[in-house]
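Just so we're on the same page: letters track the sequence lines, and every chain starts at 1. Quick caveat, the model's predicted, so the values are computed rather than measured.
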Amino acid sequence: MNREGMTLIVRTVTRISVWLIILYGIYIALHGHLTPGGGFAGGVIISLAFLNVTLAYGRKFTSRWLDIGLLGDIEASSASLILALGIMGMAFGGGFLANFLSHGKLFHLVSAGTIPIYNILIGAKVGMALFVVVWTLAITRIGEEEEQ
Amino acid sequence: MTVYVLCFALFLVGVYGVLTKRDLIKIILSTGIMGYSANLFLILFAYKKGAVYPILSKGEEIKAMVDPLPQALVLTSIVIELGITAMLVALAIKLYEKYKTFDITKIRRLSG
Amino acid sequence: MILPFFVIIPLLAAFLITLISGKKDNWAIILSILAELSVLVLAVFCYFFKLDDVFVYSMSGWKIPYTICLVQDALSCFMLIVVSTIALVSLIFSVTYIRHLVTSWRYYALFMLLVTGMNGVIVTGDLFNLFVFMEIALFSAYALVSYGRKAEEFEAAFKYAIMGSVSSSLILVGIAITYSYTSSLTMATIAETLKTKPVEVTYWLGGLFLAGFGLKAAMVPFHAWLPDAHSSAPAPISSMLSGVLIKSLGVYTIVRLFFNVFGAPALFGTLLLVFGTLSIIVASFLAIGQWDIKRLLAYSSISQIGFILVGFGVGNFLGILGAIFHLLSHAIFKSLLFYNTGAVEMALGTRDMRQMGDLRKALPVTSFTSMVGSLAIMGMPPFNGFFSKLFIIMALIKAKLYFVAFLVVGGSILTIAYFVKFQRYGFRGDRVIEKDMVKEPISFGMKFSMGFLAVLCLLTSVMLIPGIREAVIDPVINVIANKTGYIQSVLSGR
């Protein structure tokens, strides 16, 4: 029996709800150009899902369940992709971060040119970054005099 | 006018907290309050009586809307504040590890 | 087209460093030096080939009142060259110095973010964008100050972060009020609107911005954080903070806002004079009492920032020339002196002047270059510090501000006093340090960066020779002296 984390009820609810929360975050990020929300809000929701797991199951389980280094890599690569997309805007559009794809029809999911792509990338970046920030704070154990 | 005065009072509460509190966490919260009041200023300046949120949905006519730009600015500044707060909390944890206290008056190894 | 790359290159380098470097820091070093070198090349290119023109770059192809615009004029080109030179030399210096502390790629990623923030602040023509870049630079500065993971460094970083966020809130309130009053965030259109409004509004806005950016520039009533932060940081970071960060975030933004946006009302000139003189005198007296060499240099930074502010406060041609040149020369010799302290700290393991002594045998390069740097900051001819101080004092006399001129001369005499102490006890003391007392040898990269800056201390005086000066510095002065001519050049450049 793992003593870390919270009670059985919380764990069960988390096990069911975590995927729903992630799905909702992805929904918010994908529909950023149509409804309120967007990449940042979606990313925050995704990171909260991971945070729920950390709270309910404890740090040991989460570090086995998630590869934190991979999350950091996803974050850095999505940030680099945002910059690359911005430079592509310089090449094909009017300037840095320009919207160079066709805008499509209003209120369609595939529309608004590069904005949905930015939203997805920002969602990935913010979600991973926020979780890594909180994770870094959470794994710091006070009282151990360690020098790295 | 009252709203702006109250908002400024909130800002002063933050300044007071930063200047007088001795607990590291309370100081961090006070800087947060200052940031929130600055955000509130931005939002208040954008407010227009009777205007709706600046989002266009399907089948709606364009009405009088509040200024959307300050809302974007506030979102940005909230993100910045989140980063700064995380940084401050991390520093506070490290300070507690080194000094075994959260009292700013006891954290005085630097002088002069 | 060049303009956004000043932000893109270091930012991309920061992200790539986190991606590709594993545990080692080799790739991080290569990438960051490459990125900084390319930024420097671009800045030099901009400076020498397009100096007299103003270029406006609109982000994502929108037109000016709606876009975030980047502005390249002579002043921003000049600042970009100063920042990238110091950053490149600091990177070369840090290779061995940081390995001696903690080997990690994180240092280089944070360093690149710091450069991103400063370049962004310099290049941008948008008030809120300036705030965002400023926060990027400050955020990485907090992290870099605490990089050595000692108790004092965390303490200094905490104080710095608290003061930084207070001043950022003040600036944000200022930006909010400016936006509500002028309905614009582009600096040129703000200036255009403010011209038609009563000048009292400008005073209120200027007060908020002066408090906010004055905290970043460490003018004397707001200076308390600087000695802690700048003396606790690793030496290359101290040199970045003292050499360019307080200038690009503090002095440059103050000049840009007060001269180009607010049109330099006489009140602000007087305020800059008062605060500048106060900074010179108070910080000089505080510096004399220090025994920690880095603290002494940190206090001296406050005092030298005072000289720059006084120069801008006078506002005539000579004053601005002196201030601009002092900005450049202070960046060079203060960075050099901080490298010296870093080398001494690495070799002897102490920063206390009472435990140092005659270092001429043990650390010949360090003690010689520190002599050059000290002579430059004292204001001895033919080093660059002499000319900048001379111009500032001449400008004060020309403007018939004899009392301020007297105080400034007194301040430079005090500078001589504490740097004589610095040399007498720190590098030419009674206790002879032999070669075998050196713990860690100074590497070639560190020697190179110290020597390079020492040469620059002498070489930059060439910039003042008539003929070269007209080509190199005068366009920069024209940008500032033209005041709201900035509006015309930006709006016509759209």
TODO: Inspect the surroundings of OH in C:Tyr147 and state if more than 12 heavy atoms from other residues, nucleotides or ligands are less than 6.0 Å away.
DONE: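 Enclosed.
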
Do [X] and [Y] have side chains that approach each other closer than 4.5 Å (heavy atoms only, starting at C-beta)?
{"X": "B:Phe11", "Y": "C:Leu170", "result": "yes"}
{"X": "B:Ile80", "Y": "C:Ile136", "result": "no"}
{"X": "B:Thr76", "Y": "C:Phe131", "result": "no"}
{"X": "C:Phe128", "Y": "B:Leu69", "result": "no"}
{"X": "B:Asn39", "Y": "C:Leu172", "result": "yes"}
{"X": "B:Ile84", "Y": "C:Tyr142", "result": "yes"}

How long is the span from the CD1 atom in B:Ile104 to the CD1 atom in C:Ile162, to the nearest 0.5 Å?
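With rounding to 0.5 Å, CD1 (B:Ile104) is 7.5 Å from CD1 (C:Ile162).
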
- Message: To the closest 0.5 Å, what do you measure between OG (C:Ser165) and CD (B:Glu81)?
- Response: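 So the OG of C:Ser165 and the CD of B:Glu81 are separated by 8.5 Å.
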
For each of B:Leu88, B:Ile107, B:Val79, B:Leu73, tally heavy-atom pairs with chain C at distances under 4.5 Å, and name the one with the top tally.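 Most pairs with chain C among the choices: B:Leu73.
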
Note to self: As an exercise: rank B:Gly35, B:Gly14, B:Gly83 by heavy-atom pairs under 4.5 Å with chain C and give me the winner.
What the structure shows: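 Among B:Gly35, B:Gly14, B:Gly83, the one with the most close pairs to chain C is B:Gly83.
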
On a heavy-atom basis, which atom in B:Phe45 and which in C:Ala176 lie closest, and how many Å separate them?
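In this case the closest contact between B:Phe45 and C:Ala176 is CD1-O, 3.5 Å.
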
Could you tell me which portion of [X] (side chain, backbone, both or neither) has an atom closer than 4.5 angstrom to a non-hydrogen atom of chain B?
{"X": "C:Ile175", "value": "neither"}
{"X": "C:Phe158", "value": "both"}
{"X": "C:Ser231", "value": "neither"}
{"X": "C:Ala143", "value": "both"}

Practice problem: Heavy atoms only, distances under 4.5 angstrom: which of C:Glu152, C:Lys159, C:Lys150 has the most pairs with chain B? Name it, please. | Solution: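 Looking at each option in turn, the highest pair count goes to C:Glu152.
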
